[in-house]
Structure formats: C-alpha cells, structure tokens
There are 2 protein chains.
Amino acid sequence: MSIAAFAEQAVTSADKTFLQLRVDIVEGAIPPGSKLSETELSTKYQVSRAVIREAINRLESCHLVERKANVGARIVSLTPQGLIQLYQVREALEGMAARLAAKNMSDQEIADLTALLDNHFQTVKGGESYYQEAGDLDFHYRIILGSKNQHLIEVLVNGIYHLIRMYRVQFGMAGPRVTTAFDEHKHVVQAIANRDEELAEMLMRRHILYSKNNIERKLLQS
Amino acid sequence: MSIAAFAEQAVTSADKTFLQLRVDIVEGAIPPGSKLSETELSTKYQVSRAVIREAINRLESCHLVERKANVGARIVSLTPQGLIQLYQVREALEGMAARLAAKNMSDQEIADLTALLDNHFQTVKGGESYYQEAGDLDFHYRIILGSKNQHLIEVLVNGIYHLIRMYRVQFGMAGPRVTTAFDEHKHVVQAIANRDEELAEMLMRRHILYSKNNIERKLLQS
DNA sequence: CCGCCCAGCTTTGTCGACAATAAAGCCTAA
DNA sequence: TTAGGCTTTATTGTCGACAAAGCTGGGCGG
C-alpha cells in the first residue's frame with residue numbers, strides 16, 4: 001500500500017492516455033529518441049488528436065518528451081551525462097528533503113519508516129535482492145513526502161523519478177549495492193529519528209552521491 | 001542583453017497566449033486564486049479555446065495554476081509558508097548550481113560575471129537601489145546557467161523563478177538588503193573564481209537562507 | 001421550516017475538419 | 001553530376017460544434 005498512495009486516479013480520457021503513454025515510455029515500449037506522431041498515437045490509443053496533444057503536453061512537463069513548434073514531439077534521448085546531471089539534482093533536492101523530514105515528520109511517520117526498514121532488513125537477510133527496486137523507491141518516497149514541502153514533492157515525484165526509472169530500464173541497471181545501500185538508509189533514518197537535520201541531509205547526499213559514483217563506474221566500463 | 005538571453009520567442013499562437021497570460025498572472029493583472037474561465041479568456045485574447053487550453057496546460061507545468069478535472073483551472077493562491085517552501089527548494093538547487101558553476105563555468109564566463117558585479121557595484125555606490133530587481137536576477141541566472149545542468153536550469157528558470165517573481169509582486173517586497181546582498185554575491189563569485197565548489201555552495205546557500213529569514217521576518221511583522 | 005432531489009444551465013472534455021507550416025522529393029540549370 | 005529552388009505531401013496548429021460532467025436554483029416532501 002505504501003507506494004500505492006501515489007496511484008493517481010485518471011478521471012478524464014486524457015488522463016488515462018497520459019498515464020498509459022508514460023508507462024509505455026518509461027518501460028521502454030516506445031524507445032527513447034523516437035518521434036511521437038499525433039495521428040499515429042490517436043489511432044493506436046483510440047482517442048482523438050486533442051487528447052493525444054494534451055497527453056503529450058503533460059509528458060513534456062515531466063521532461064519525458066521534447067517538442068518543437070510545427071515539428072512535433074520526440075521522446076527524450078538518454079545520455080550518460082544526462083543521468084549524472086539528474087543525480088546532481090537528486091542529491092540537492094533529496095538532501096534538502098531529508099533535512100526537512102528530520103524537522104517535519106511526525107513521530108508516527110518516523111516509526112513507520114523504521115518499521116519499513118526492519119521489514120526490508122528481513123528481506124535482505126533472506127538473500128533476495130528484491131530490495132533494490134521497490135524497497136529503495138519506498139524509502140526515498142517516504143522521506144520526500146516527509147519533507148512536507150509541496151514543491152519538493154512535485155518536482156521529485158512527478159518529474160525526476162519517472163526519468164530515473166526510465167534510465168534504469170534503458171541502461172539495464174538492476175543494481176547491486178543492496179546491502180551497503182541498506183546500511184546507508186538505516187543511518188539516514190537514525191538521523192531523522194534524532195531530529196538531526198544537518199546529519200540527515202549530509203547522509204542522504206552521500207547516499208545519492210555513492211549511487212552516482214557507482215553508476216558512473218558502470219557506465220564507463222561498458 | 002544578459003537577461004535577454006532568456007527571451008523565449010513565441011512562434012505559435014499558443015506560445016504568445018501562454019507568455020501573455022504568464023505575464024498577466026505574475027504581474028498580478030489576474031489576481032491569485034481567481035478562476036480561469038476558458039471561454040472568457042478565449043474572447044479576451046481573441047483565440048480559440050484550444051489555444052487557451054494549451055496555454056493553461058503550460059501554466060500548470062510552471063506551477064502557476066492548478067487544474068481539477070471537469071471543474072477548471074485556478075491561479076495558485078500564495079501563502080507565507082508556500083514562499084518559505086519555495087526558498088527551501090531554491091536553497092538546495094541554487095546551492096548545487098553554485099557548486100557546479102565553480103566546476104563548469106569557463107574562465108571567460110567567470111570574468112564576465114566579475115565584470116557584471118563590478119558594474120553593479122558602481123550602481124550601488126551611486127545610491128540607486130536599482131540593484132535589487134534586475135541585478136539580483138542577473139546574478140542568479142548566470143550562476144544557474146553556469147552550472148551547465150539542464151535539469152537544474154529547467155526547474156529554476158522555467159519553474160521557480162516565475163513563482164518567486166509573483167510572490168515579490170503580490171507581497172510587495174521591493175526589498176532592502178541591497179548592500180549586504182551585494183557583498184554576499186561578491187563572495188560567491190570569489191569562491192567560484194577560486195574553483196572552490198564546497199565554499200561556493202555553502203555561500204550561496206547562506207545567501208538564500210538569509211534572504212529567506214529576512215522575508216520571514218517581514219511577513220511576521222505584517 | 002429544513003433538507004433532499006431533480007432539472008436546467010454553465011463549463012469543461014472530446015471530436016472531426018480546415019489552415020498553416022515544415023520536411024521530402026523532383027525538376028531544372030549550371 | 002550536383003546544387004538550388006519548387007512542388008507536393010504529411011504533420012502540426014487552430015477552430016467551431018457536440019458530449020458530458022458539475023454547479024445552481026427551484027420544487028417537493030418530511
């Protein structure tokens with residue numbers, strides 16, 4: 001359920017098309033760099049061009065597609081340095097999120113977060129590397145929401161994280177760093193529980209910086 | 001010219017309407033919290049409803065308006081804590097921008113930035129408080145662009161700064177802090193010139209933090 | 001007298017057609 | 001043969017009309 005809180009419900013037809021398209025893009029069903037023809041999509045998804053246009057507009061505000069006037073929309077093309085830049089933004093924003101979470105999360109929320117981590121620990125100890133995807137996301141989402149900062153939440157949840165997921169799929173990073181990342185998570189939560197804003201931010205920044213370095217290494221060797 | 005580099009040129013009709021609407025919103029011609037009726041706007045700006053809808057969509061991605069399905073769009077309502085949250089995001093992002101600028105700006109760009117500051121110094125010394133608006137913006141924009149980080153630039157320039165301007169207009173902060181802010185700017189530039197990433201980030205963060213505190217004080221006493 | 005429900009009306013969502021712009025291919029001329 | 005310009009064609013931008021959902025006001029029943 002934890003993550004399901006973000007299941008935005010689509011009421012209008014453009015909503016559904018937007019969500020569907022976003023999945024298709026992030027999951028790679030439509031490859032990066034490819035052109036999005038309005039007429040083609042309108043037949044494919046059985047909706048009018050106006051709906052497609054609205055969906056594409058929203059995709060653009062997620063930074064998943066780029067439009068040029070009188071030319072059309074293309075899915076963004078992914079580059080290693082683009083991923084690096086994304087992690088730089090993540091480091092700044094999630095660092096601040098951790099700081100604010102240390103200040104603003106309720107005791108109950110912190111308790112829940114701790115419980116979540118214990119739960120994950122059982123899984124990790126069991127040897128399953130299930131952790132990476134769902135668990136990691138859940139952890140980061142909770143802290144972002146815990147910041148109680150609407151702008152922060154918006155930019156990260158609706159903007160950056162879909163792009164991150166897209167990179168993960170395209171560059172095929174299922175990712176090791178499971179146990180070490182788990183320890184880092186634990187320390188961040190401890191700092192938040194201690195209401196140590198300074199430390200929470202620093203630890204979160206390092207956690208993301210390590211991730212970035214890890215990814216850089218993998219990108220270079222391939 | 002410096003700032004004119006951001007003069008996005010509108011080619012399509014929706015572009016012009018969007019830019020016009022954005023000005024009208026940011027400058028306060030359309031007050032915060034008010035409803036944006038599509039038909040009303042379409043007669044007012046002499047364009048079809050489709051154009052208005054597209055413009056509103058883009059305004060939404062700037063976080064200047066909020067939409068509800070089957071209900072309509074309203075201009076965001078401004079709250080003191082909303083402004084605080086905005087400054088928290090600014091602190092994180094522009095701090096990172098200063099760090100990256102110290103790494104990525106060319107020597108020429110740094111020289112230009114220094115010259116710009118000297119120029120501003122003459123103005124400040126002359127007693128004109130012209131500085132606040134244009135000069136401050138120019139300084140921050142250059143460092144943001146100097147980061148060479150596309151995501152950072154996007155979020156700040158197209159998203160946050162218009163909101164900041166809107167708050168400035170609505171809450172009527174022409175702003176003192178002229179000379180002290182100038183010194184802070186100077187120190188940031190020095191750190192960037194020395195390629196001291198750590199210090200550049202720290203100084204920029206403090207600069208914005210001071211601004212935030214200053215604003216908080218003013219908000220409370222009113 | 002108060003509250004609920006229904007009808008009408010306003011506003012948004014969706015659609016198909018037309019206009020305008022840019023890309024592609026062909027034709028001509030150097 | 002190739003470069004340049006023109007024509008054709010496909011795609012996007014814009015429009016007005018229709019469909020559907022929400023809000024408002026009046027009437028009915030408790």
- Query: Does B:Lys35 put a side-chain nitrogen or oxygen below 4.0 Å from OP1 or OP2 of C:dT12?
  - Reply: yes
- Message: Nearest whole Å is fine: how far is C:dT10 P from B:Glu40 CD?
- Response: 14 Å
- For the student: nearest non-hydrogen atoms of B:Ile192 and B:Ala102, plus distance: CG2-CA, 3.9 Å
- Protein-nucleotide distance (A:Asp15, atom CG; C:dG13, atom P), rounded to Å: 9 Å
- Of A:Val47 and B:Ala73, the one whose closest DNA chain C nucleotide lies more 5': B:Ala73
- Mind calculating the distance between CD (A:Glu54) and P (C:dC15) to the nearest angstrom? 11 Å
- Query: Are B:Tyr45 and B:Asp24 linked by a side-chain donor-acceptor pair shorter than 3.5 Å?
  - Reply: yes
- Query: Hey, does the side chain of B:Thr12 come within less than 4.0 Å of D:dT14's phosphate (OP1/OP2), counting only N and O?
  - Reply: yes
- Closest nucleotide of DNA chain C for A:Ser13 versus for A:Val71: which of these residues is on the 5' side? A:Ser13
- Message: Any side-chain N or O of A:Arg49 below 4.0 angstrom from OP1/OP2 of C:dG16?
- Response: no
- Message: Classify B:Ile56 by what it touches in the nucleic acid, base, sugar-phosphate, or nothing, heavy-atom distance under 4.0 Å.
- Response: nothing
- Taken to the nearest whole Å, CG/A:Asn70 to P/C:dT21 is 7 Å
- Please check the phosphate of C:dG13 (OP1 and OP2 only) for any side-chain N or O of B:Arg67 closer than 4.0 Å. yes
- Is the shortest distance from a Lys or Arg side-chain nitrogen in A:Arg58 or B:Glu60 to a carboxylate oxygen in the other one below 4.0 Å? no
- Query: Looking at the rings of A:His185 and A:His140, which for Trp means the six-membered one, are their centres under 6.0 Å apart?
  - Reply: yes
- Task: Can you tell me the distance, in whole Å, between the CG atom of B:Asn57 and the P atom of D:dG13?
- Result: 13 Å
- Message: Any base atoms under 4.0 Å from A:Ile52, or only sugar-phosphate, or nothing? Heavy atoms, all strands.
- Response: nothing
- Atom CD of B:Gln46 and atom P of D:dT14: how far apart are they, to the nearest Å? 15 Å
- Options C:dG13, D:dT12, C:dC15, nucleotide nearest the side-chain atoms of A:Ala50: C:dC15
- Item | salt bridge (charged side-chain N to carboxylate O under 4.0 Å, His left out) against A:Asp107, all qualifying residues, sequence neighbours excluded | A:Arg195
- Nearest whole angstrom, please: distance from the P of D:dG13 to the CD of A:Glu60. 10 Å
- OP1 or OP2 of D:dT14 under 4.0 Å from side-chain N/O of B:Ser48: no
- Item | B:Tyr45 OH - D:dC15 P separation (whole Å) | 15 Å
